[in-house]
**Q** 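Pasting a structure below so you can have a look.
As the structure is a computational prediction, the values presented were derived from the model and not from experiment.
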Amino acid sequence: MGFLLKHAYLAYESLAAEKYDAIGATARECGVLAQVQATENPSQLELANELGVDRTTMAQLLDSLEQRGLVSRTPLPTDRRKNLVSLTKSGHDLLARDRVIRAELDREFLAPVHTAEQATLRSSLHAIVNTQRTSSRTP
């Protein structure tokens, strides 16, 4: 099982890298942008927790995204130690391109799998990931 998952992941990452290179972004960066959009102006710490990334790594990711004009950070008026993160117009535009890329990736990567089985695969992977997340948070 591990061998199959590893090689499926490597194949997916290779295909994804090609597509994301074309828009000058990475899947990880787009994932951060998508979480910012889904959470509606989260703090850096909330983003780090939601994405399972340490605070230093999140700060570095946001520094890069902010320098490229994709996000903005605003100190919380009631607690200036916290920064709220929001998408810029360029960030929203990149997310729109990301949705197209993800659809292309899914279509190309899952092409060898029958359409009915694709939904089962997704559901099974979600179950595995969600179970692992839940069990890793339990003391």
Side-chain angles (χ1 to χ4, degrees):
M1 178 65 78
F3 176 85
L4 292 173
L5 287 171
K6 174 186 172 185
H7 287 276
Y9 171 76
L10 291 173
Y12 185 87
E13 280 296 300
S14 177
L15 183 59
E18 289 175 28
K19 296 199 175 290
Y20 280 102
D21 281 349
I23 64 167
T26 66
R28 184 178 199 186
E29 291 169 335
C30 289
V32 172
L33 295 177
Q35 188 63 41
V36 170
Q37 184 177 53
T39 313
E40 297 184 29
N41 302 328
S43 71
Q44 284 183 208
L45 183 57
E46 289 170 332
L47 270 177
N49 290 339
E50 282 297 315
L51 295 171
V53 175
D54 66 78
R55 293 185 312 192
T56 301
T57 301
M58 181 54 62
Q60 291 169 343
L61 279 165
L62 291 174
D63 285 346
S64 173
L65 293 171
E66 189 173 39
Q67 288 169 0
R68 291 171 43 209
L70 300 170
V71 299
S72 63
R73 290 184 277 193
T74 308
L76 186 65
T78 57
D79 185 353
R80 299 196 52 83
R81 294 171 296 168
K82 286 187 176 182
N83 286 314
L84 298 182
V85 183
S86 58
L87 293 179
T88 63
K89 180 177 179 340
S90 295
H92 283 284
D93 292 346
L94 183 59
L95 270 181
R97 287 181 284 184
D98 173 57
R99 281 188 287 279
V100 172
I101 286 174
R102 281 185 287 131
E104 289 174 3
L105 273 168
D106 286 358
R107 188 174 51 255
E108 289 178 36
F109 184 73
L110 295 174
V113 179
H114 188 276
T115 305
E117 294 171 331
Q118 290 178 13
T120 301
L121 176 60
R122 284 179 204 280
S123 176
S124 298
L125 290 172
H126 276 291
I128 291 168
V129 169
N130 290 335
T131 299
Q132 294 304 312
R133 280 186 181 161
T134 302
S135 65
S136 69
R137 291 182 183 167
T138 304

**Q** For residues Leu94 and Ala25, report the shortest heavy-atom separation together with the two atoms involved.
**A**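 Here Leu94 and Ala25 meet closest at CD2-CB, 4.0 Å.
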**Q** Check side-chain hydrogen bond (donor to acceptor under 3.5 Å, both in side chains) between Gln35 and all other residues, then give those that pass, not counting sequence neighbours.
**A**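 For Gln35 the side-chain hydrogen bond (donor to acceptor under 3.5 Å, both in side chains) partners, ignoring immediate neighbours, are Thr39.
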**Q** Scan residues 58-70 for pairs that pass salt bridge (Lys or Arg N to Asp or Glu O under 4.0 Å), counting only residues two or more places apart or in two chains.
**A**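 Sorted result for residues 58-70: Glu29-Arg68, Asp63-Arg73, Glu66-Arg73.
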**Q** Using the test salt bridge (charged side-chain N to carboxylate O under 4.0 Å, His left out), find all partners of Arg107 that sit at least two apart in sequence or belong to another chain.
**A**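 Expected list: none.
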**Q** Roughly how far, to the nearest 0.5 Å, is CD of Glu108 from CG of Leu110?
**A**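 Those atoms lie 10.5 Å apart.
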**Q** Okay, side chain of Thr131, backbone of Ala127: is any donor-acceptor separation there less than 3.5 Å?
**A**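 At least one qualifying donor-acceptor pair exists.
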**Q** Spell out, yes or no, whether Val53 and Leu84 are grouped together once hydrophobic residues are joined by side-chain heavy atoms under 4.5 Å, including indirect joins.
**A**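 They do not share one cluster, since no chain of ILVMFWY contacts under 4.5 Å joins Val53 to Leu84.
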**Q** Hey, could you give me each pair passing salt bridge (Lys or Arg N to Asp or Glu O under 4.0 Å) that has a residue in residues 94-103? Not counting sequence neighbours.
**A** Asp98-Arg102
**Q** Using the salt bridge (charged side-chain N to carboxylate O under 4.0 Å, His left out) criterion, which residues pair with Asp54? Sequence neighbours excluded.
**A**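 By the salt bridge (charged side-chain N to carboxylate O under 4.0 Å, His left out) rule, Asp54 matches no residue at all.
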**Q** Mind checking what makes ring pair (Phe, Tyr, Trp, His ring centres under 6.0 Å) contact with Phe3, not counting sequence neighbours?
**A**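 Once residues adjacent in sequence are excluded, the partners of Phe3 under the ring pair (Phe, Tyr, Trp, His ring centres under 6.0 Å) criterion are His7.
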**Q** Answer whether the closest heavy-atom distance between the side chains of Val32 and Val71 falls below 4.5 Å.
**A**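 Sidechains of Val71 and Val32: no contact.
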**Q** Determine, using the 4.5 Å side-chain heavy-atom cutoff (strictly less than), whether Leu62 and Leu51 are members of one ILVMFWY cluster.
**A**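 Shared cluster, yes.
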**Q** If hydrophobic clusters are built from ILVMFWY residues whose side chains come within less than 4.5 Å, do Val113 and Leu125 share one?
**A** no
**Q** State the CE-CG distance between Met58 and Asn83, to the nearest 0.5 angstrom.
**A**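 Separation between the atoms: 12.5 Å.
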**Q** Hey, quick one: are Phe109 and Leu121 part of the same hydrophobic cluster, counting side-chain heavy atoms closer than 4.5 Å, chains of contacts allowed?
**A** yes
**Q** Once salt bridge (Lys or Arg N to Asp or Glu O under 4.0 Å) is applied, what residue pairs with a partner in residues 119-128 remain, sequence neighbours excluded?
**A**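 Passing the test, one end in residues 119-128: Asp106-Arg122.
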**Q** With rounding to the nearest 0.5 angstrom, report the OG to CG distance, Ser90 to Leu65.
**A**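 Spacing of OG (Ser90) from CG (Leu65) equals 11.5 Å.
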**Q** Would a single hydrophobic cluster contain both Leu61 and Ile23, if residues Ile, Leu, Val, Met, Phe, Trp and Tyr are joined by side-chain heavy-atom contacts under 4.5 Å?
**A**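 Cluster IDs for Ile23 and Leu61 match.
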**Q** Go through the structure and list residues passing side-chain contact (heavy atoms from CB on, under 4.5 Å) with Leu105, not counting sequence neighbours.
**A** Tyr12, Leu15, Ala16, Lys19, Tyr20, Ile101
**Q** Can you list the residues that meet the side-chain hydrogen bond (donor to acceptor under 3.5 Å, both in side chains) rule with Glu13, with sequence neighbours excluded?
**A**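 Partners of Glu13 under the side-chain hydrogen bond (donor to acceptor under 3.5 Å, both in side chains) test: none.
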**Q** What's the spacing between Ser123 OG and Ile128 CD1 if we round to 0.5 Å?
**A**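 The OG atom of Ser123 sits 10.0 Å away from the CD1 atom of Ile128.
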**Q** In chain order, what residues pass the side-chain contact (heavy atoms from CB on, under 4.5 Å) check against Ser86, with sequence neighbours excluded?
**A** Asn41, Ser72
**Q** Which pairs pass salt bridge (Lys or Arg N to Asp or Glu O under 4.0 Å) with one or both residues in residues 30-41, sequence neighbours excluded?
**A**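 Residue pairs with at least one partner in residues 30-41: there are none.
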**Q** Can you tell me how far NZ of Lys82 sits from OG1 of Thr74, rounded to the nearest 0.5 angstrom?
**A**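 Thr74 OG1 to Lys82 NZ: 14.5 Å, rounded to 0.5 Å.
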**Q** Got a donor-acceptor contact below 3.5 angstrom from the Thr88 side chain to the Leu70 backbone?
**A**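 Here the side-chain-to-backbone pair exists.
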**Q** According to salt bridge (charged side-chain N to carboxylate O under 4.0 Å, His left out), who are the partners of Lys89, at least two apart in sequence or on a separate chain?
**A** Asp93
**Q** What heavy-atom pair brings Leu47 and Pro42 nearest, and what distance separates the two atoms?
**A**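 Reported closest heavy-atom pair: CG-CG, 3.6 Å.
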